[in-house]
There are 2 protein chains.
Amino acid sequence: MENSRPSSKRFLDIVADLRTIIKEEGAVIGDKLPSERVLADRLQVGRSTIREALRSLELLGLIETRRGEGTFLADYKKHQLVEILSTFIMQNPQSLKSVDDTRRIHEKAAIECISNDPERRTLPVWGSFLVKLRGTEPIIREELLQEIVVVSGNRLSLKIWFLLKQYSRVPYHETMAEDEKEVATNLLKEMMNGNSHLAVMRYKDWLDIVIGERRGEHEC
Amino acid sequence: MENSRPSSKRFLDIVADLRTIIKEEGAVIGDKLPSERVLADRLQVGRSTIREALRSLELLGLIETRRGEGTFLADYKKHQLVEILSTFIMQNPQSLKSVDDTRRIHEKAAIECISNDPERRTLPVWGSFLVKLRGTEPIIREELLQEIVVVSGNRLSLKIWFLLKQYSRVPYHETMAEDEKEVATNLLKEMMNGNSHLAVMRYKDWLDIVIGERRGEHEC
DNA sequence: ATTCTTAAGTGGTCAGACCACTATCCTTTA
DNA sequence: TAAAGGATAGTGGTCTGACCACTTAAGAAT
């Protein structure tokens, strides 16, 4: 079975075999996998080969290992995909602008998504935000944007957004000023009305307030 | 240096150390890395630990190993971790949709960016594409989109797009049909005219052709 | 019944030994 | 001289066995 065409890279076969085992045993997220020694015996390979395969899957975020306990199926919805590449491929974070621009791309897309979806744009959470914006309580900037990106429903986009937020120079953790609240209110209203175009314009107004400069530049 | 806070997973530290070595030596794609035995000696760890790290990076497609020759920096743009994640992570159709949606977010943003930038939208490369689209030569789908994302100038967005393209189920490597060429032509024209709104609409027309279904859904 | 000790099981790491393969140098040969 | 061939060193691929650090749970002592 696993002997079909043994490639020159045994550990790659093991990766495939592990997939088979997981599937056959119907393992669910959080379940414990057989120990390295058991796997080595069952697949008739050395333990080091098993480990090379497991470590690869671990770096991918597919499994999780705990010393003294065992190996477990990880929640691959939180794949470290982006993190790995952010530390390896994207070794040139010299362009903070790229980070900010990309973050805005996702924010803008989320706003449009919600505006165009009758269900999402009528969620009660937006009404709650409107009330809070009218009040005097301090509101952190990222609260609103995070809710927007979350509600848009694209988990990968959300993941990327969270990552970029960390690298961003935009002061997302600060509270909103009064005029800022007004712009945010307009943004929400346009979004709830399903007018994605105007909602995006209000979003850009808000950016102007937060950042100050940059208007008229190409907005990439 | 590499002894700063050794985590419980040594091989993860090694992964980081390898990144440092690659960076310091200014290694470029195709360059040869030090041998496993040399690395083990230099980083003061066992060879198996080095191998676990290297195998992880190999599965990610970041390096390439050839028995008898050595380990080389791979071209991450082409390698196939597609297969791995499509069999592990991407079993969940929800994840697949996230990938496709996110990829479209970046494509759409790039189109808007270029449309709104007088310099970028008048680049001679678009004229070349128009000519090619009029001709009978086969054109690969991703050629045009890749050029668009490249020209948009956001390197981070480009890297994310490259990554997502690998995971995507959309047949980007196929050639364009005749009616497809017409839509692409319209997309380019609107973009060159600076009409981002219409350009995006043509882009969505193109998506309809490529994928077939999905129209009227909320487009996130 | 509680606490403590112990043993078994697990992942983490290392060292050494082969094997298979590749490239290179160097001898042999035509 | 030039080509063919073979020995050799270096590389990744794999296995074995041995520790270590840690967790868990069974069992002993209180």
Side-chain angles (χ1 to χ4, degrees), chain A residues 2-18 21-22 25 27 29-75 80, chain B residues 2-18 21-22 25 27 29-75 79-80 84:
Chain A
E2 64 277 320
N3 241 353
S4 63
R5 200 161 299 183
S7 42
S8 62
K9 321 275 187 182
R10 190 92 104 195
F11 91 97
L12 285 179
D13 298 327
I14 301 300
V15 168
D17 290 338
L18 286 175
I21 289 179
I22 291 173
E25 302 196 348
I29 290 173
D31 282 5
K32 191 170 179 297
L33 298 181
S35 75
E36 297 178 349
R37 291 168 177 86
V38 171
L39 286 173
D41 187 64
R42 192 192 311 186
L43 298 179
Q44 287 294 292
V45 294
R47 192 182 154 211
S48 47
T49 303
I50 293 288
R51 280 185 61 81
E52 290 181 9
L54 288 177
R55 252 19 77 199
S56 301
L57 297 180
E58 181 175 5
L59 192 66
L60 275 177
L62 296 175
I63 62 174
E64 182 185 354
T65 57
R66 296 197 282 271
R67 167 186 280 182
E69 299 182 47
T71 306
F72 305 84
L73 253 185
D75 182 357
Q80 296 173 302
Chain B
E2 63 275 326
N3 239 352
S4 63
R5 207 155 296 183
S7 45
S8 64
K9 320 273 187 182
R10 192 86 113 199
F11 93 98
L12 284 179
D13 297 328
I14 301 299
V15 169
D17 290 338
L18 286 175
I21 289 179
I22 291 172
E25 303 196 347
I29 289 174
D31 282 5
K32 191 168 180 297
L33 298 182
S35 75
E36 297 177 349
R37 291 168 176 85
V38 170
L39 285 173
D41 186 63
R42 194 197 303 191
L43 298 179
Q44 286 294 293
V45 295
R47 192 183 154 210
S48 43
T49 303
I50 292 287
R51 281 186 60 82
E52 290 180 9
L54 287 177
R55 254 18 78 201
S56 302
L57 297 181
E58 182 176 5
L59 192 67
L60 274 177
L62 295 174
I63 63 173
E64 182 184 355
T65 57
R66 295 196 284 270
R67 166 186 281 184
E69 298 182 47
T71 307
F72 305 84
L73 255 184
D75 184 355
H79 230 282
Q80 86 308 342
I84 308 300

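The model shown is predicted, which means the values in this text are computed figures rather than measured ones. Chain identifiers are assigned alphabetically (A, B, ...) following the order of the sequence lines, protein sequences preceding nucleic acid strands; residue numbering begins at 1 within each chain.
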- Message: Check the phosphate of C:dT10 against A:Ser35, side-chain N and O only, distance under 4.0 Å to OP1 or OP2. Yes or no?
- Response: yes
- Task: To the nearest Å, give me how far apart CD1 (A:Ile63) and C1' (C:dG11) are.
- Result: 11 Å
- Task: Output yes when at least one side-chain N/O atom of A:Ser48 is less than 4.0 Å from OP1 or OP2 of D:dT16, else no.
- Result: no
- Query: Taking all atoms of both residues into account, what is the closest heavy-atom pair of B:Ile63 and B:Ala74, and its distance?
  - Reply: C-CB, 3.7 Å
- Message: Distance check needed: D:dC15 C1' versus A:Ile50 CD1, whole Å only.
- Response: 12 Å
- Query: In whole Å, what is the span from the CD atom of A:Glu52 to the P atom of C:dT13?
  - Reply: 13 Å
- Task: Confirm from the modelled atom types if B:Arg47 and D:dG13 form a donor-acceptor pair under 3.5 Å, side chain to base only.
- Result: yes
- Note on the structure: Separation of C:dT22 atom P from B:Glu64 atom CD, nearest Å, is 14 Å
- Message: Tell me the closest heavy-atom pair linking B:Arg55 and B:Thr65, and the distance in Å.
- Response: NH1-CG2, 3.2 Å
- Grab the two heavy atoms, one from B:Leu39 and one from B:Pro34, that are nearest each other, plus how far apart they are. CD1-O, 3.6 Å
- Please tell me which of the listed nucleotides, C:dG12, C:dT13, D:dG12, lies nearest to the side chain of B:Arg37? D:dG12
- Find which nucleotide of DNA chain D each of B:Thr71 and A:Gln44 is nearest to by heavy atoms, and output the residue with the more 5' nucleotide. B:Thr71
- Could you check B:Arg51 against B:Lys32 and say which one's nearest nucleotide on DNA chain D is further toward the 5' end? B:Lys32
- Message: If the cut-off is 4.0 Å, is B:Arg55 near the phosphate of D:dG13, judged by side-chain N/O to OP1 or OP2?
- Response: yes
- Task: Whole angstrom is fine here: how far is it from CD in B:Glu36 over to P in D:dG13?
- Result: 6 Å
- How would you label the contact of A:Gly46 with the nucleic acid (heavy atoms, under 4.0 Å): base, sugar-phosphate, or nothing? sugar-phosphate
- For B:Arg51 and B:Glu58, what are the C-alpha separation, side-chain angles and deciding distance, and is it a salt bridge (Lys or Arg N to Asp or Glu O under 4.0 Å)? CA-CA 10 Å; B:Arg51 281 186 60 82; B:Glu58 182 176 5; over 6 Å; no
- Whole angstrom is fine here: how far is it from CG in A:Leu43 over to P in D:dC15? 11 Å
- Task: Report the distance from atom CG of A:Asp41 to atom P of C:dG9, rounded to the nearest whole Å.
- Result: 14 Å
- Query: Whole-Å distance between D:dC15 P and A:Asp13 CG?
  - Reply: 11 Å
- Query: A:Leu43 versus A:Ile21: any side-chain heavy-atom pair under 4.5 Å?
  - Reply: yes
- Note on the structure: Closest of C:dT22, C:dA17, C:dC21 to the B:Glu69 side chain is C:dT22
